[in-house]
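What you see is a predicted model, and the numbers here were worked out from it, not measured in a lab.
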Amino acid sequence: MKKLTKLALIIVSLVILIISGVTILKLTTENKPFFKHSDETYLSANNLSIRYKSFGNQNSSYPTVYLLHGFNAAGMNEWQRLTPYLNPNFHYIAFDWPGMGLSERLPVNTKPTIAYRLAIIDEVIKQTNNEQQPAILLGASYGATMATAYTAKYPQKIDTLIPISPLYENQGGGGFATLAKLPFGLGSGATFLAMGAGPVADFLYDASNFDKKGFKPSQNDINNRKSMAKIKGTSRSFMLYANYQENIDFSTSLAEIQENTYSIFGANDTYKEDYRLKKENIPLTIIDDADHTPHLSQPKKTADVINEWLTSKYVIN
C-alpha cells in the first residue's frame, strides 16, 4: 500500500510539472533576446568549472546584481523571461549551480553541504566583483534560500537581498527530494520541463543519460546550447544535493537582515511563507496571477517591482 501511495505521489508530481511547463510555454512576452550583449565564460569554484554570464552595464557604479537560480536542470535559463525587463543601468551576473545548466557535474564523492553551496556563491562573487563593493543578491526558490543564508553569514558583503519565493519553512521544496530520486533522469527532465523547456523537454531530455559521469560541456555544447548538454549527469547531482539537504534556522537571521531585504511571492504559490516575512517586517510584494515562479509567469510585473526597489534605494536618474 505504501509503495502504491508513493508511486501515485510521483505520478501526480510529474503531471503537475508537465502542466506547469506547458503553461509556461504558452505565456507570451516581448520578443527580446536573452541576456543581450552578455559575455559567457567559466570560472573555477570548489575545483569545478562553473558557467556564468555577465550582462547589463559592466561599467555601472552601482553594486553588481548576482542571480541565483533554483534547483532545476535549466540552470540560469530560469531567468530568460525576467532579464529583458531588468534595469540596464546595473551590472548583472548569473551562474549555473554545479550539476545544473552547463556547469560541471558534481563528482560522485562530493558532499554538497550548505557550507559547500555558500562557498560556491562566495567564490563567484570574489572572482567577478571587480570593485569588491557589497553586492546585491537576487535569488529564486531555493536559490533565494541560499542567497538569504549567504547574506546572514556575510552581511558585510551584501548590500541588498531580493528573495523571490524563498523556501524558509519548507526548505526541501516539497516534492524536490522525491523528484531528485526518480530513476533514469526523470527528475531533472521534469524540472527542466517545468522551467519552460522545449517539446516535452526533448522527451525529458532522454532519460538514458542518467548515468553520464564527469560531464564537462564541450565548446560545441556551449555554442549550440544543445539540450542534451544540460541533462547529462543532472539527476545524479540532484540526488547528491537531496542527500545533503540541511534545514537552516532563519528565526534570528531574517530579523538581522530585514533592513536591506525585499521579497516577492506569487499569489498562487503553494509554498507562500509571507507570514514569516511580515512578522520580521520585511517588505513583501505579492504578484497576482503568479505561482512559485513569478519571474517566469509574470516576468514584467516581477521586474517592475525589482526595478522600483533598486531605483528607490540607489536613486537612479
Side-chain angles (χ1 to χ4, degrees), residues 21 24 29 32-46 48-56 58 64-86 90-106 112 117 120-125 127-129 135-147 150 162-166 188-189 191-198 201 205 215-217 221-234 237-238 241 292-297 299 302-303 306:
I24 290 170
T29 60
K32 296 182 180 179
F34 173 40
F35 289 172
K36 185 177 181 181
H37 304 307
S38 65
D39 295 321
E40 176 176 308
T41 187
Y42 287 78
L43 56 79
S44 178
N46 288 5
L48 296 177
S49 179
I50 304 299
R51 178 180 72 145
Y52 73 94
K53 279 189 175 184
S54 170
F55 61 103
Q58 296 189 24
T64 299
V65 182
Y66 289 86
L67 284 71
L68 280 64
H69 67 79
F71 280 102
N72 65 82
M76 71 171 74
N77 282 8
E78 177 179 337
W79 301 109
Q80 63 183 341
R81 297 181 185 275
L82 179 74
T83 52
Y85 301 106
L86 292 177
F90 283 85
H91 180 211
Y92 302 87
I93 290 178
F95 69 92
D96 290 333
W97 285 103
M100 304 174 212
L102 288 176
S103 284
E104 188 174 348
R105 283 11 184 181
L106 290 170
R117 302 172 201 189
I120 294 290
I121 302 173
D122 196 49
E123 196 59 39
V124 170
I125 293 177
Q127 294 188 38
T128 58
N129 189 3
I136 298 170
L137 288 187
L138 170 61
S141 189
Y142 196 70
T145 308
M146 290 294 93
Y150 183 88
I162 305 178
I164 300 176
S165 308
S188 51
T191 53
F192 198 111
L193 177 62
M195 288 295 109
Y205 280 120
F215 170 73
K216 290 185 179 180
D221 291 327
I222 297 168
N223 292 341
N224 298 298
R225 302 295 183 279
K226 287 188 175 180
S227 57
M228 290 308 304
K230 294 186 176 70
I231 197 64
K232 294 176 183 177
T234 304
S237 295
F238 274 19
Y241 278 118
H292 188 60
T293 54
H295 53 301
L296 281 168
S297 57
T302 304
I306 295 170

Please assess Val65 against Ile306 for the test side chain to side chain contact (heavy atoms under 4.5 Å, CB included), listing each intermediate value before the final yes or no. CA-CA 11 Å; Val65 182; Ile306 295 170; over 6 Å; no

Can you tell me how far [atom2] of [Y] sits from [atom1] of [X], rounded to the nearest 0.5 angstrom?
X: Trp79; Y: Leu68; atom1: CH2; atom2: CG; answer: 7.5 Å
X: His295; Y: Gln80; atom1: NE2; atom2: CD; answer: 10.0 Å
X: Ile50; Y: Ile120; atom1: CD1; atom2: CD1; answer: 4.5 Å
X: Tyr52; Y: Asp96; atom1: OH; atom2: CG; answer: 13.0 Å
X: Arg51; Y: Glu104; atom1: CZ; atom2: CD; answer: 14.0 Å
X: Thr128; Y: Glu123; atom1: OG1; atom2: CD; answer: 9.5 Å

Nearest heavy-atom pair of [X] and [Y]: which atoms, and what distance?
X: Ile164; Y: Pro294; value: CG2-CG, 3.6 Å
X: His91; Y: Ser54; value: NE2-OG, 2.6 Å
X: Phe55; Y: Thr83; value: CZ-CG2, 3.6 Å

Where do Ile125 and Ile93 land on the side chain to side chain contact (heavy atoms under 4.5 Å, CB included) test, with the steps shown first? CA-CA 9 Å; Ile125 293 177; Ile93 290 178; over 6 Å; no

Is it true that a side-chain atom of Arg117 and a backbone atom of Pro112 form a donor plus acceptor pair closer than 3.5 Å? yes

Output yes when a side-chain donor or acceptor of Ser165 lies under 3.5 Å from a complementary backbone atom of His292, and no otherwise. yes

For Thr302 and Tyr85, run side chain to side chain contact (heavy atoms under 4.5 Å, CB included): C-alpha distance rounded to whole Å, both residues' side-chain angles, the deciding distance at 0.1 Å, then the answer. CA-CA 9 Å; Thr302 304; Tyr85 301 106; over 6 Å; no

Can Trp97 and Ile121 be said to form a side chain to side chain contact (heavy atoms under 4.5 Å, CB included), step by step? CA-CA 9 Å; Trp97 285 103; Ile121 302 173; 3.7 Å; yes

Using the ring of each side chain (for Trp, its six-membered ring), is Phe90 parallel, tilted or perpendicular to Tyr92, with breaks at 30° and 60°? tilted

